Amino acid sequence: MSRADSLVVLDFETTGLSPDMGDRAIEIGAVKIEEGVIVDQFQALMNPGRRVDPFIERYTGITNTMLTSADSCADVMADFAEFIGDSNLLAHNASFDKRFLDAEFQRIKHQYRGEFICSLLVSRRIFQNAPNHKLGTLVGYCNIESNGAFHRALYDSEMTAKLWLAIIDIICQRSNLETLPFNAAQKLCKTPKKSIDKYLESLKPIVA
DNA sequence: TGCCAGGCCCTCTTTAGGGCCTT
């Protein structure tokens with residue numbers, strides 16, 4: 001399975017918003033998509049080496065007690081590096097998760113080859129009439145079944161993956177494609193919103 | 001009671017400012 005055929009959808013829960021300000025990951029969740037199907041998953045809490053504040057405990061449901069017995073960030077991220085291999089990567093608001101992935105991998109001197117795409121950027125282009133582009137809102141907007149248990153890493157990664165598969169279905173229907181190549185999805189992240197229809201039209205295969 | 005940051009994106013723009021999204 002080449003990198004182009006495997007996509008890992010990931011989500012971090014963290015102590016805050018910025019690794020540059022000392023924030024750390026406290027949970028990683030991810031699912032692997034191959035040929036349009038979720039085929040594997042990864043979830044682990046990790047001990048950031050310090051207490052998380054009450055807001056994060058309430059926001060995520062992850063308590064200091066739970067983290068006390070968790071493996072270290074280094075051990076978890078080493079396992080996660082094996083899980084993602086050379087796969088390409090996707091997250092909802094990928095710039096956030098990429099910063100934490102880069103920071104945690106830098107601590108264990110690991111480099112990864114996969115490239116990121118962002119379901120938030122694509123959603124803003126495809127669902128221009130959505131009330132907003134929060135993950136939970138888009139899951140409801142796309143009629144994806146959900147129990148509402150957001151803000152845990154594995155659940156959010158699963159919901160992001162299902163949102164992504166729904167987006168691909170819509171694009172493929174509009175563009176008469178069987179699948180959306182990764183490089184086309186990358187370009188979609190950067191295409192101006194006003195040019196989306198033209199871009200999707202350009203993806204249509206030539207029919208003899 | 002969310003605070004921080006940072007990239008994207010829009011507009012009353014580009015020599016800027018502010019909302020959205022992530023925890």
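Nothing here was measured: the structure is a model prediction, and the numbers come from that model. A note on names: the letters A, B, ... follow the listed sequences, proteins ahead of strands, and every chain is numbered from 1.
The separation of B/dG6 from B/dC12, taken at their C1' atoms, amounts to 24 Å, rounded to a whole angstrom. Nucleotides B/dT13 and B/dC8, compared at atom C1', are 15 Å apart to the nearest Å. The separation of B/dT14 from B/dC10, taken at their C1' atoms, amounts to 13 Å, rounded to a whole angstrom. As rounded to the nearest Å, B/dA16 and B/dT1 have P atoms that lie 38 Å from one another. Comparing the same atom, C1', in B/dG7 and in B/dT23 gives a spacing of 16 Å after rounding to whole Å. B/dC3 and B/dT22 have their C1' atoms separated by 15 Å, with the value rounded to a whole Å.
In this structure, A/Thr15 reaches neither bases nor backbone, as no heavy-atom distance under 4.0 Å exists between it and the strands shown. Within 4.0 Å of A/Phe12, counting heavy atoms only, lie sugar-phosphate atoms of the nucleic acid but no base atom. When heavy atoms are screened at a 4.0 angstrom cut-off, A/Asp97 is found touching no nucleic acid atom at all.
To the nearest angstrom, C1' of B/dT22 lies 15 Å from CG of A/Leu163. For the pair A/Phe116 CZ and B/dT22 P, the interatomic distance rounds to 15 Å; values are reported in whole Å. The distance from atom CD1 of A/Ile28 to atom C1' of B/dT23 is 13 Å, rounded to the nearest whole Å. If you take OH of A/Tyr59 and P of B/dC4, they are 15 Å apart, rounded to a whole angstrom. One can place CG of A/Leu188 at 14 Å from C1' of B/dC8, the figure rounded to the nearest angstrom. As rounded to whole Å, 15 Å separates atom P of B/dC8 from atom CD1 of A/Ile117. Between the CZ atom of A/Arg99 and the C1' atom of B/dG6 there is a distance of 5 Å, given to the nearest Å. In this structure, the CD1 atom of A/Ile56 is 12 Å from the P atom of B/dC3, given to the nearest Å.
Residues satisfying the side-chain contact (heavy atoms from CB on, under 4.5 Å) criterion with A/Ile168, sequence neighbours excluded, are A/Trp164, A/Cys172, A/Leu180. For the salt bridge (charged side-chain N to carboxylate O under 4.0 Å, His left out) test, residues two or more places apart in sequence or in another chain that qualify with A/Lys98 are A/Asp102. Shown here are the side-chain contact (heavy atoms from CB on, under 4.5 Å) partners of A/Asn147, two or more places apart in sequence or in another chain: A/Ala149, A/Tyr155. With sequence neighbours excluded, no residue satisfies ring-ring contact (aromatic ring centres under 6.0 Å, His included) with A/Phe12. A/Ala130 meets the side-chain contact (heavy atoms from CB on, under 4.5 Å) test with A/Phe127, A/His133, A/Leu138, A/Tyr141; sequence neighbours excluded. Scanning for side-chain hydrogen bond (donor to acceptor under 3.5 Å, both in side chains) contacts around A/Asp20 gives an empty result, with sequence neighbours left out. Annotation: side-chain contact (heavy atoms from CB on, under 4.5 Å) contacts of A/Asp71 (sequence neighbours excluded): A/Asp75, A/Val76.
One finds no side-chain N or O of A/Lys193 lying less than 4.0 angstrom from the OP1 or OP2 phosphate oxygen of B/dC9.
In this structure, the side chain of A/Asn88 engages the main chain of A/Glu115 through a donor-acceptor pair within 3.5 Å. Using a distance-only test at 3.5 Å, with no hydrogens or angles considered, no donor-acceptor pair links the side chain of A/Tyr112 to the main chain of A/Leu101.
Heavy-atom distances to DNA chain B give each of A/Asp53 and A/Met21 a nearest nucleotide, and the one nearer the 5′ end belongs to A/Asp53. Each of A/Pro54 and A/Cys189 has a nearest nucleotide on DNA chain B; the 5'-most of these lies closest to A/Pro54.
Using a 4.0 Å cut-off on heavy atoms, the residues of residues 150-162 of chain A that approach DNA chain B are A/His151, A/Asp156, listed by number. Residues from residues 61-78 of chain A with heavy atoms under 4.0 angstrom of DNA chain B: there are none.
The side chain to side chain donor-acceptor pair (under 3.5 Å) pairs that include a residue from residues 24-33 of chain A are A/Arg24-A/Glu104, A/Glu27-A/Gln43, A/Glu27-A/Arg152, where partners are two or more places apart or lie in different chains. Identified under the salt bridge (charged side-chain N to carboxylate O under 4.0 Å, His left out) test for residues 50-65 of chain A, with sequence neighbours left out: A/Asp23-A/Arg50.
Between A/Asn132 and A/Thr137, the side chains place a donor N or O and an acceptor N or O closer than 3.5 Å (distance only, hydrogens not considered).
Inter-residue side-chain proximity for A/Leu7 and A/Ser87 is flagged as unmet; no heavy-atom pair is nearer than 4.5 Å.
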Collect all protein-nucleotide pairs involving nucleotides 17-21 of chain B in which both atoms are nitrogen or oxygen and the distance is under 3.5 Å.
residue	atom	partner	partner atom	Å
B/dC20	O2	A/Arg124	NH2	3.3
B/dC21	OP1	A/His133	N	2.4
B/dC21	O2	A/Asn93	ND2	2.8

